[in-house]
Amino acid sequence: MASERYNARVTETRWQKAWDEAKVFATANDDPRPKYYVLEMFPYPSGRIHMGHVRNYAMGDVVARYKRARGFNVLHPMGWDAFGMPAENAAMQNKVHPKSWTYSNIATMRDQLKSMGLSLDWAREFATCDVAYYSRQQRLFLDFLDKGLVTRRKSKVNWDPVDMTVLANEQVIDGKGWRSGATVEQRELVQWFFKISDFSEDLLTALDGLDRWPEKVRTMQRNWIGRSEGLRVRFQLDGAVPEGQDFVEVFTTRPDTLFGMSFLALSADHPLTTALAATSPEIAAFVEECHRMGTSAAAVETAEKRGYNTGLVVRHPFLDAVFPVYVANFVLMDYGTGAIFGCPAHDQRDLDFARRYHLTVTPVVLPEGADPTTFAVADEAYTGEGRIFNSAFLDGHSVAEAKEMVAHRLETATLGQAPQGTRQVNYRLRDWGISRQRYWGCPIPVIHCDSCGVVPVPRKDLPVALPEDVDFDRPGNPLDRHPTWKHVSCPVCAAPARRETDTMDTFVDSSWYFARFTAPDADDPTIPEVADAWLPVDQYIGGIEHAILHLLYSRFFTRAMKVAGHVGLDEPFRGLFTQGMVIHETYRAADGSWVSPAEIRIEAGETGRRAYRLDTAEEVTIGAIEKMSKSKRNTVDPTEIIESFGADTARWFMLSDSPPERDVEWTDQGAQGSSRFLQRVWRLVGETAEIAPPPGTPVPDVLAPAALTLRKAAHRTLAAVGEAIETLRFNVALAKIYELVNALGSAIANERAAFAAPGEAAALRETAEILVKLMAPMTPHLAEECWHVLGNGEMLAMSPWPELVPALLVEDEVTMPVQINGKKRADVTVPRDADAATVEKAALALEAVQRALEGKAPKKVIVVPQRIVNVVA
RNA sequence: GCGGGCGUGGUGGAAUCGGUAGACACAAGGGACUUAAAAUCCCUCGGCUUCGGCCUUGCGGGUUCGAUCCCCGCCGCCCGCACCA
């Protein structure tokens, strides 16, 4: 037995079948044990799984199997984020229907995932493109509509000219579409919106309670929501004012700098601008120019601050003075009021603008220690703290006091029957535009009627199912050009009407799947009691790239579902973990083309590592270590790894070495190292099985030193591994397991005779069983096989976590380092409960200490019980 | 520019309520077994050393009996956001 190599492929298939047949991982909703919901972000069915999936799902499976062994009723489901563009691209390129492309990919990837031996409840599986799923999503849409959480309005949208669809702000990265990479244009379209901004404040403040989320993600969300407190200030306009536009309002977070004002600027899209443009060709031309300016990061960065003087002026609220009104290209319409007052001395943008148009720059905040008679602003605006000056009644006050004083004065003053100032909180977060001009998505369930307007599809008429007979010959939306699908009669007046042909952003699909998993077959979107019993997800694991989009949308959706009565909580994810990427070396041929790892061999010689093509023996350049990607061809196919090494090796390697939140480099040597280690465990367990007494043999209370030492090591490891898994520090857990295996290996090799007696041998068995149980979450197949080699009948997957014997963690004697002036010079071994005086005496008696003291008394001796002794000479 | 994070051997990393720096692994070198290879096992492995020790956690200071850990100032790298008034 011990000499046989472990055959991963045969063993893994066998245990996967056995677990499946015994329904070990099926989860019942009425199980009375405490619940634990572990979820990994579900995959997009692109065709094949990649190493990133292996890492992600290996981590989740460790948590799931561990919690199951600890007695929890674990929910660990899997599904498919199955709507989206690639299916339509495939349809265009390969003449395959998005539906068959998607479901065939799912079938492949399901098999691949199953070969990993994940402890998933496959009975709960669904794809978001299942009619059964998206019909419930349509019901949620209608519920949200009823609750006023959905609106429809004309808006400027980010238009992706390649994908020919609209993108949310969050989906525009550096001015480019997040999927296509094409430069995004601005267009005006009528769009459906989820009113996520209704929850801005709550989404922000609730972040404080998400203490099991990475701080980084919370910070990113805080920045994204972008709360700012300020004042809305009303100004009186003078000059050739258009009819009915006597006032203009600005939003400012710096009312304290009002006395430093030198101009007022309007957005090109401000109503007043529009009114002025109607009679002024010059203004109209300037507005046109602003619109042409791109919104890409590059365009914004290089764009100069430019403006057009309208000839209008505004009156200062406190001073007897007027200031020019400009239309400026840097003022955004959709933030604040679309107008600002410019204080060049204390705002860099305003300063740039003022310099260009030779406007006055009056400093009103004096930095600490600066001289008020000489302080001036040159090229850099002063945005720091200080005392207000040049500001009449504000002089001498702090920035905070001045803000408050101005706010108070203006909100109690009246200008044209309205308060001159209003305190206001602004958010950067905008409503979530969900309309997409695509086929492969969830249809928005509304009907447009010429006489009744927008009419929701009655719930009895759901689902609004996607038609299957569509073509992808041309760009644009196949639903829109389908000959019959969109033609329906109005549910209200029965007149001919048209279906909405936009579908929902696919981020909608992933915003509630975690809730659907709790009752995947329910007629309603959820069964609220069941959802509330399972949610929140105790541990959610996925990539950092979803820090804002998916996670913020899901937080909104949970709140919206609460309003609509589908769940009873606000926050869907109690614990969040963002794992790092899998990276790999890159290789390039002489012609610059990328070469995949499978096509090369590496030679390590005197001159370092060199790589050669397998087919032509031509040398290739070893490049940077980068994220695995198809474009750089530096991917490793999980299926090939699983077929050659086994799933356990792939899982083990993905969990070893690197901390899970950091990137991990896939190397062939690393994989082989993991494989070697698992073979070693197999051999050691085999040898243990030969000399160990039958299962259940009690371990005597009194053991010989060798057995006791080993037993203590096993329990120490048990405690350490449990803690490491709880805190998701898998690399640390694995290192502790390595140590235990080294201890077991050396015990068997060097002290075999010490384990001859049955009692001592029982300790050997106990150690092997603990080892196997500790490895089970990471390498479940090997562990299960070892468990049975050790003679156990019941499946390990159903067995509880080992019982810790706390007494074994306590040593009778402790060896403490002895420092002299902070540097370690010796060790002293004392009874564990020795008092400080005893320890001090023992330490001072040491030869090294005596030598250092040269007969003198120590100045001071610090004894930290059970930790350290420091002698100050 | 703003915000956040990180700098430890050849490499990935371990050790933080301030208490033995370098666990564990990979790579490398040496040895055993073998006709040979694979597999396996054993040893060495931060630097310097006059073999007593000395130096070493990006750099420079500080606090402390004691600093990878706390404080101040630099340097470097990574990530996120960015005309948000």
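Throughout, protein chains are lettered first and strands after them, A, B, ... in sequence-line order, and every chain is numbered starting at 1.
Within 6.0 Å of CG in A/N750 there are more than 12 heavy atoms belonging to other residues, nucleotides or ligands.
A/V872 comes within 4.0 angstrom of the backbone, heavy atoms only, and of no base. A/S656 comes within contact range of no nucleotide atom at all, as no heavy-atom separation falls under 4.0 Å. Using a 4.0 Å heavy-atom distance criterion, A/R222 is classed as making no nucleic acid contact. Using a 4.0 Å heavy-atom distance criterion, A/D350 is classed as making no nucleic acid contact. Within the nucleic acid shown, A/K823 comes within 4.0 Å of sugar-phosphate atoms alone, with no base atom in reach, counting heavy atoms only. At a threshold of 4.0 angstrom between heavy atoms, the contacts of A/N426 with the nucleic acid are absent. Using a 4.0 Å heavy-atom distance criterion, A/V331 is classed as a base contact. Looking at heavy-atom distances under 4.0 Å, A/R428 makes contact with a base. Within 4.0 Å of A/T667, counting heavy atoms only, lies no atom of the nucleic acid at all. Across all strands shown, A/R825 has heavy atoms under 4.0 Å from sugar-phosphate atoms exclusively, and none from any base. Across all strands, A/Y738 comes closer than 4.0 Å only to sugar-phosphate atoms, never to a base (heavy-atom distances). Heavy atoms of A/R729 sit under 4.0 angstrom from primed sugar atoms or phosphate atoms, though from no base atom.
Comparing A/V732 and A/Y335 by the nucleotide of RNA chain B that holds the closest heavy atom to each, the one mapping nearer the 5' end is A/V732. Residue A/D827 is the one, among A/D827 and A/N750, whose nearest nucleotide of RNA chain B lies closer to the 5' end (criterion: closest heavy atom).
The distance from atom NZ of A/K403 to atom C1' of B/rA85 is 12 Å, rounded to the nearest whole Å. Put simply, CD on A/Q221 is 20 Å from P on B/rG3, counting in whole angstrom units. In this structure, CG of A/N821 is placed 17 Å from P of B/rU20, rounded to the nearest angstrom. Following rounding to the nearest Å, A/Q866 (CD) and B/rU20 (P) show an atom-to-atom distance of 14 Å. In this structure, A/L655 atom CG and B/rA25 atom C1' are separated by 14 Å, rounded to whole Å.
Candidate nucleotides B/rG4, B/rG19, B/rC79 were compared by shortest atom distance to the side chain of A/R867, and B/rG19 ranks first. Among B/rA85, B/rG19, B/rC24, the nucleotide with an atom closest to any side-chain atom of A/L332 is B/rA85. Between B/rA82, B/rG3, B/rG19, one nucleotide has an atom nearer to the side chain of A/W224 than all others, and that is B/rA82. When each of B/rC83, B/rU40, B/rG13 is scored by its nearest atom to the side-chain atoms of A/R676, the top-ranked nucleotide is B/rU40. When distances are taken from the side chain of A/N731 to each of B/rA14, B/rG12, B/rC24, the shortest belongs to B/rA14. The A/M220 side chain lies nearest to B/rG80 when the options are B/rA39, B/rG80, B/rG12. The nucleotide whose nearest atom lies closest to any side-chain atom of A/Q669 is, among B/rG12, B/rU20, B/rA27, B/rA27. The side chain of A/R680 approaches B/rC41 more closely than any other nucleotide in the set B/rC41, B/rC55, B/rA85. Closest to the side chain of A/Q819, out of B/rG13, B/rG12, B/rG19, is B/rG19. Relative to the side chain of A/S228, the nucleotides B/rC83, B/rA85, B/rG4 differ in distance, and B/rA85 lies closest.
Look at B/rU44: its Watson-Crick or wobble partner, with both distances under 3.5 angstrom, is B/rA28. Across all strands shown, B/rG9 forms no Watson-Crick or G-U wobble pair with both key distances under 3.5 Å. Here B/rU34 sits opposite no nucleotide as a Watson-Crick or G-U wobble pair (both hydrogen-bonding atom distances under 3.5 Å). In a base pair of the Watson-Crick type (N1 to N3 plus N6-O4 or O6-N4) or a G-U wobble (N1-O2 and O6-N3), with each distance short of 3.5 Å, B/rG22 is matched with no nucleotide. Both distances falling under 3.5 Å, in either a Watson-Crick or a G-U wobble arrangement, place B/rC81 opposite B/rG1.
There is a side-chain donor-acceptor pair under 3.5 Å between A/Y335 and A/S228. In summary, the side chains of A/Q579 and A/R662 do not present any donor paired with an acceptor at a separation below 3.5 Å, with no hydrogens or angles considered. Judged by distance alone, the side chains of A/R218 and A/N223 never bring a donor and an acceptor atom under 3.5 Å apart.
Distance noted for atom P between B/rC54 and B/rG3: 44 Å (whole Å). The gap from the P atom of B/rG9 to that of B/rC17 amounts to 23 Å, rounded to the nearest Å. Here the separation of B/rG18 from B/rG62, taken at their C1' atoms, is 15 Å to the nearest Å. Across the C1' atoms, B/rC41 and B/rU34 are found 13 Å apart, a figure rounded to whole Å. Spacing between B/rU8 and B/rC78 at atom P, rounded to whole Å, works out to 14 Å. Rounded to the nearest Å, the gap between the C1' atom of B/rC65 and that of B/rG73 is 26 Å. A gap of 25 Å separates the C1' atoms of B/rA15 and B/rC48, to the nearest Å. Only the C1' atoms considered, B/rC77 is 46 Å distant from B/rA32, to the nearest whole Å.
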| request: Go through the steps to decide whether A/D835 and A/V863 satisfy the test side-chain contact (heavy atoms from CB on, under 4.5 Å), and finish with yes or no. | output: CA-CA 9 Å; A/D835 59 21; A/V863 177; over 6 Å; no
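Judged by distance alone, with hydrogens and angles left aside, A/N870 brings a side-chain donor or acceptor within reach of the base of B/rC65, the pair sitting under 3.5 Å. For A/K305 and B/rC83, a side-chain-to-base donor-acceptor distance below 3.5 Å is present, hydrogens and geometry of angles not being considered.
In this structure, A/R428 forms a cation-pi arrangement with A/W224, its terminal cationic atom sitting closer than 6.0 Å to the ring centre and no more than 45° off the ring axis.
The pair A/R716-A/E739 does not count as a salt bridge, with every side-chain nitrogen at least 4.0 angstrom from each carboxylate oxygen.
When the options A/T779, A/V741, A/L744, A/I737 are evaluated for a side-chain contact (heavy atoms from CB on, under 4.5 Å) with A/V681, the one that passes is A/V741. Checked against A/F263 for a ring-ring contact (aromatic ring centres under 6.0 Å, His included), the options A/F353, A/Y308, A/F341, A/F235 give a single hit: A/F353.
B/rG52 shows a glycosidic angle within 90° of 0 and is accordingly assigned syn. With its glycosidic angle within 90° of 0, B/rG9 is assigned syn.
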